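For clarity, every value in this text was computed on a predicted model and none was experimentally measured.
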Amino acid sequence: MYDRSALHNAARNLGDRRPVDLATRLGVARNTAWRLWNGTTAPSAALAAVVEEHYGVSARQLVTKAPAVGSVKRAAV
């Protein structure tokens, strides 16, 4: 699961407050930066490496292990 809060915090520490700032710093398309900033997509391995290079946020901090499918408890109907 992608957690964008780590990216937001690191970006804000460097003065990046909008997706376009992220696009400029990382050298990616604005639509890619927008999806990453808003959490609609998780970063690829290559993009996670670029994020770590520029913001110091590791892939492990960006993406956490999703719970196993069978471990989700469902309410009784």
Side-chain angles (χ1 to χ4, degrees):
M1 293 175 41
Y2 170 54
D3 179 12
R4 63 193 176 124
S5 64
L7 176 61
H8 280 205
N9 291 334
R12 288 189 177 116
N13 286 339
L14 292 178
D16 296 348
R17 306 235 180 269
R18 301 171 298 153
V20 69
D21 301 328
L22 185 73
T24 301
R25 188 175 300 272
L26 299 181
V28 298
R30 290 189 311 182
N31 62 334
T32 300
W34 186 91
R35 289 192 311 265
L36 190 61
W37 188 266
N38 290 294
T40 59
T41 189
S44 65
L47 186 52
V50 174
V51 168
E52 184 171 11
E53 177 183 334
H54 289 278
Y55 291 112
V57 179
S58 70
R60 184 173 290 212
Q61 291 171 291
L62 292 174
V63 182
T64 59
K65 191 174 182 179
V69 175
S71 68
V72 176
K73 294 182 180 181
R74 297 178 188 235
V77 182

Chemist: If every non-hydrogen atom of G56 is compared with every non-hydrogen atom of Q61, which pair is closest and at what distance?
Modeler: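 Looks like O-OE1, 3.9 Å.
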
Chemist: What heavy-atom pair brings A23 and A29 nearest, and what distance separates the two atoms?
Modeler: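 So the minimum-distance heavy-atom pair works out to CB-O, 4.1 Å.
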
Chemist: Could you check whether atom CZ of R30 has more than 12 heavy atoms from other residues, nucleotides or ligands sitting under 6.0 Å from it?
Modeler: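 Counting other residues, nucleotides and ligands, CZ of R30 stays at 12 neighbours or fewer.
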
Chemist: Decide whether N38 and T40 meet the rule of one side-chain donor and one side-chain acceptor closer than 3.5 Å.
Modeler: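 No donor-acceptor contact under 3.5 Å links the two side chains.
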
Chemist: Do V63 and Y55 belong together in a cluster built from hydrophobic side chains that touch within less than 4.5 Å?
Modeler: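 Both belong to a single hydrophobic cluster.
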
Chemist: Tell me whether V20 is reachable from V51 by hopping between hydrophobic residues (I, L, V, M, F, W, Y) whose side-chain heavy atoms are closer than 4.5 Å.
Modeler: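 V51 does not cluster with V20.
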
Chemist: Do you know which two heavy atoms are closest between A6 and V57, and how far apart they sit?
Modeler: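 Heavy atoms of A6 and V57 come nearest at O-CG2, 3.9 Å.
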
Chemist: Might you point out which heavy atoms bring A33 and P19 nearest each other, and give the distance in Å?
Modeler: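 A33 and P19 have their closest heavy atoms at CB-O, 3.3 Å.
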
Chemist: Look only at the side chain of R4 and the backbone of W37, and say whether a donor-acceptor pair between them is shorter than 3.5 Å.
Modeler: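 It does hold such a pair.
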
Chemist: Could you check whether any side-chain heavy atom of L36 comes within less than 4.5 Å of a side-chain heavy atom of Y2, counting everything from C-beta outward?
Modeler: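 They are in side-chain contact.
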
Chemist: Side chain of D21, backbone of R18: donor and acceptor closer than 3.5 Å?
Modeler: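 Yes.
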
Chemist: Quick check for you: to the nearest 0.5 Å, what is the distance between D3 atom CG and R60 atom CZ?
Modeler: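 With rounding to 0.5 Å, CG (D3) is 14.5 Å from CZ (R60).
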
Chemist: What is the distance from atom CG of L7 to atom NE2 of H54, rounded to the nearest 0.5 Å?
Modeler: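 One finds 12.0 Å between CG of L7 and NE2 of H54.
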
Chemist: Search all heavy atoms of R35 against all heavy atoms of T41 and return the closest pair with its distance.
Modeler: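 R35 and T41 have their closest heavy atoms at CB-CG2, 3.3 Å.
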
Chemist: Taking C-beta and beyond as the side chain, do V28 and V50 meet within less than 4.5 Å on heavy atoms?
Modeler: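 No. Closest side-chain heavy atoms not under 4.5 Å.
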
Chemist: Atom CG of L26 and atom CG of D16: how far apart are they, to the nearest 0.5 Å?
Modeler: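 Those atoms lie 8.0 Å apart.
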
